[in-house]
Amino acid sequence: MRWTQQLIPTLREVPQEAEIASHQLLLRAGLIRKLAGGLFTFLPLGRRALRKLEQIVREEMDRAGALEILMPAMHPQELWEQTGRFQVLRDVMFKIKDRQDRNLVLGPTHEEVVTDLIAHEVQSYRQLPINLYQIQTKFRDEIRPRFGLMRAKEFIMKDAYSFDADGAGVERSYQAMYAAYERIFQRCGLRTKAVEADSGAMGGSASHEFMVLADAGEDGLVECDACAYAANLDRAEGVSRGPRVFVDAEQLTAVAPTPSRRTVAEVAAFFQTPPARLIKTLIYVADAQPLAVLVPGNRDVNEIKLQRALQATTLALADDATVARVTGAPAGFAGPVGLPVPIFADEKLRGYRGAIAGANQPDAHRVNVDLERDVRVAAFADLSNALEGDGCPRCGAGALQARRGIEVGHVFKLGTKYSEALGAGYLDAAGQRQTPLMGCYGIGVTRTLQAVIEQSHDANGIVWPIALAPYAVEVLPINVQHGPTMQTAQALTAALEQAGLDVLLDDRDERPGVKFKDADLLGLPIRVNIGEKSLAKGVVEIKLRHSGVLTTAAPEQAPAALQACVQELWRSAAG
RNA sequence: CGGGGUGUAGCGCAGCCUGGUAGCGCGUCAGCCUUGGGCGCUGAAGGUCGCGGGUUCAAAUCCCGCCGCCCCGACCA
């Protein structure tokens, strides 16, 4: 393919809309363009990379025994009402009407549709297990689309759904998908980390997320430095190694003036004591009932854990008026002693003595708080986020490290939530009606593409792994006006294309510097420089994007040398 | 939705405070020159200054309202 016949609009400067490297490079290398917030066009090069990624996903899903289907993006709203998820996902779903005024939604995910299919088509245990998947566009009215393809309103997802007769079957299906995911990401040249995860709106029990470790990632996670434990911050348990008994522990609690000190940092500084000694008291409203949540001063409340512990459907921080009514003091001076609402305390506060908390009076805090002596705690639970340095909850020996990651895949065990609600059932060998157990497995395909770039780039541009590169080789004639240069370039391009390689010939009549810069920006794995100087020495130059290694070959040897080079890249990617 | 920022040519920006009829770099087009890391020269095209209203003799500039985009938070592949 000739560059001048392609659409490759590279940008010299960084578009102001892009913050992180991968988003900038997607735009600068001419892979995508934005239509509106969270909506993107894939230009030819972006589309080529995406197709290669989709093909890897397809091959690995097929290999794992899943069957490809294609479901509608548009769904009748009633289907979602049957599982109760129309209410749960109401805000993220795009809702439309047809000309008959029927209510339709654009699918944010497909549990309902696939289970409806299974309810009709699967009647017997002989048809199980079955795993159906598709690669298809999803629609989600995200609160805040951001970082280009990382969080878009419309994005391509691979979603798979397994149906099994029993728990052992579910485990097999889950493990098969887990293994397939590891292969997929490995083939993409991605280093991922599987972490324990919260199952959120999906419901269900176990789940793991596949994270691409990257500072630009939206998710926080922790991993143990001694064992294999890793978990999303949403659910990670950390074992506090800090002290729980502080100075003056035997003294009775007393109120001390703390003029205008509201935040943990201000109060800790005022008492010249570490923030961990403070008991942070937050007033929440769960299902319209106010309650207090206590966590150590150096930690944040984890609302996902809190909501689960309370089994609440709605949960939000109380507004200032409610705080004032409940505590009798302005926000910033709430404390647990004598509070007239139920008090839930973080596990890490057990045994806290000699602590400092709000006094429920303006401009005052309480010192020498002994949690067991002075506070009526309704229940202890894990309600706070794990912190770097916490002890590992698995092995006990290691310490947790904090990381950031991009969630590219997620696998769930769902149980019978959907199959029951939608009437999926089958007859077992004994003729008894049974409900199949489900699992679901997602990969954010477009997000994965961006994650690859986030993990594989340098100051000059993208560094494509061979498996996803839009083209494997760029042939770069330094001066297209020079006859022998162009003849060599064209002959080489033709020979490589003949051999089945994807080749881009930069036939633009541009200065060498422009073409070199663009070549680095595009990041194709292998570049062949053809110019008067090297031709005079009887060679062309072969340069590898990832290592910068430069070799030469005689023009007539070049096709064979390049094929060997490509094969070597595939080999090292597989290893 | 709350908080912060921003909107001027395809891209990156200046001009705004202190109103006077829009400018720079890159890119684009034509020509010359040059050809191993965004080269040089000449000429040209391209802008309802986000939208609406107001103040004023006069608004990119001041005031009000709205919208888009970006960042932080809840949501998630």
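So you know, we letter chains A, B, ... as the sequences are listed, proteins then strands, and number each from 1.
Neither side chain, A:Gln487 nor A:Thr485, offers a donor N or O lying under 3.5 Å from an acceptor on the other. Residues A:Tyr471 and A:Gln6 have side chains that bring a donor and an acceptor to within less than 3.5 angstrom of each other.
Across every non-hydrogen atom of A:Ala312 and A:Asp287, the tightest pair is CA-OD2, 3.4 Å.
Between A:Asn460 and A:Gly409, the one whose closest nucleotide on RNA chain B sits nearer the 5' end is A:Asn460. The nearest heavy atom of RNA chain B to A:Arg144 and to A:Val514 marks one nucleotide each, and the one closer to the 5' end goes with A:Val514.
Nucleotides B:rG4 and B:rC11 place their P atoms 28 Å apart, quoted to the nearest Å. B:rC16 and B:rC62 have their P atoms separated by 9 Å, given to the nearest Å. When the C1' atom is used for both B:rG47 and B:rG12, the distance is 16 Å, rounded to whole Å. Using C1' as the reference atom, B:rC33 and B:rG20 are 43 Å apart when rounded to the nearest Å. For the P atoms, the distance from B:rC39 to B:rG3 is 46 Å, rounded to whole Å. Rounded to a whole angstrom, the distance from the C1' atom of B:rG46 to that of B:rC1 is 40 Å. Straight-line distance between the P atoms of B:rG52 and B:rG38: roughly 44 Å, to the nearest whole Å. Distance noted for atom P between B:rC17 and B:rC69: 29 Å (whole Å).
Listed nucleotides: B:rC13, B:rG36, B:rA74. Nearest to the side chain of A:Gln16: B:rC13. Nearest to the side chain of A:Phe412, among B:rA77, B:rC70, B:rU35, sits B:rA77. Between B:rC69, B:rC11, B:rC76, one nucleotide has an atom nearer to the side chain of A:Pro15 than all others, and that is B:rC11. Side-chain proximity of A:Asn479 to B:rC75, B:rG37, B:rU35: nearest is B:rU35. Comparing atom distances between the A:Ser534 side chain and each of B:rG38, B:rG36, B:rC76 picks out B:rG36 as nearest.
The CG-P distance, from A:Asp506 to B:rG37, rounds to 15 Å in whole Å. Here the P atom of nucleotide B:rG12 and the CD atom of A:Gln24 are 11 Å apart, to the nearest Å. With rounding to whole Å, A:Met211 atom CE is found 10 Å from B:rA77 atom P. If you take CG of A:Asp141 and P of B:rC1, they are 11 Å apart, rounded to a whole angstrom. In this structure, A:Leu27 atom CG and B:rC69 atom P are separated by 15 Å, rounded to whole Å. In this structure, the CZ atom of A:Arg151 is 10 Å from the C1' atom of B:rA74, given to the nearest Å. One can place CD1 of A:Ile478 at 16 Å from P of B:rC39, the figure rounded to the nearest angstrom. Following rounding to the nearest Å, A:Leu522 (CG) and B:rG38 (P) show an atom-to-atom distance of 17 Å.
At least one test fails for A:Lys34 against the ring of A:Phe40: distance under 6.0 Å to the centre or angle within 45° of the axis. Figure legend: A:Arg508 and A:Trp3 shown as a cation-pi pair, the cationic atom lying under 6.0 angstrom from the six-membered ring centre and within 45 degrees of its axis.
The aromatic ring of A:Phe516 does not sit over the base of B:rG38, since the test of centres under 5.5 Å and planes under 30° is not met.
Residue A:Lys153 is out of contact with every strand shown, counting any heavy-atom pair closer than 4.0 Å. Counting any heavy atom pair closer than 4.0 Å across all strands shown, A:Arg33 reaches no nucleic acid atom. No contact: A:Val480 has no heavy atom under 4.0 Å from any strand. Among the protein residues, A:Gly513 comes within range of the sugar-phosphate backbone only, with heavy atoms under 4.0 Å from sugar or phosphate atoms but none that close to a base. When heavy atoms are screened at a 4.0 angstrom cut-off, A:Ala451 is found touching no nucleic acid atom at all. Heavy atoms of A:Gln481 sit under 4.0 angstrom from at least one base atom. Nucleic acid contact class of A:Lys138 (heavy atoms, under 4.0 Å, all strands): none. Across all strands shown, A:Gly37 has heavy atoms under 4.0 Å from sugar-phosphate atoms exclusively, and none from any base.
Base pairing analysis places B:rC66 opposite B:rG50; the two distances defining the Watson-Crick or G-U wobble pair are each below 3.5 Å. When Watson-Crick and G-U wobble pairs are counted only if both distances are under 3.5 Å, B:rG2 pairs with B:rC72. Pair assignment for B:rA30: B:rU42, on the basis of Watson-Crick or G-U wobble contacts that are both within less than 3.5 Å.
In this structure, the side chain of A:Arg299 engages the main chain of A:Asn385 through a donor-acceptor pair within 3.5 Å.
Between A:Phe210 and A:Tyr178, a ring centre-to-centre spacing shorter than 6.0 Å is recorded.
The closest side-chain heavy-atom distance from A:Leu149 to A:Arg447 is not below 4.5 Å.
The pair A:Glu510-A:Lys515 does not count as a salt bridge, with every side-chain nitrogen at least 4.0 angstrom from each carboxylate oxygen.
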Exercise for review: Do nucleotides 23-33 of chain B as a string where each nucleotide becomes B, S or -: B if the base has a protein heavy atom under 4.0 Å, S if just the sugar-phosphate does, - if no protein is that close.
Suggested key: --BSS------
What side-chain donor-acceptor pairs closer than 3.5 Å can you find for residues 529-538 of chain A, not counting sequence neighbours?
unit_1: A:Asn529; atom_1: OD1; unit_2: A:Arg527; atom_2: NE; d: 3.0
unit_1: A:Asn529; atom_1: ND2; unit_2: A:Glu541; atom_2: OE1; d: 3.2
unit_1: A:Ser534; atom_1: OG; unit_2: A:Gly531; atom_2: O; d: 3.3

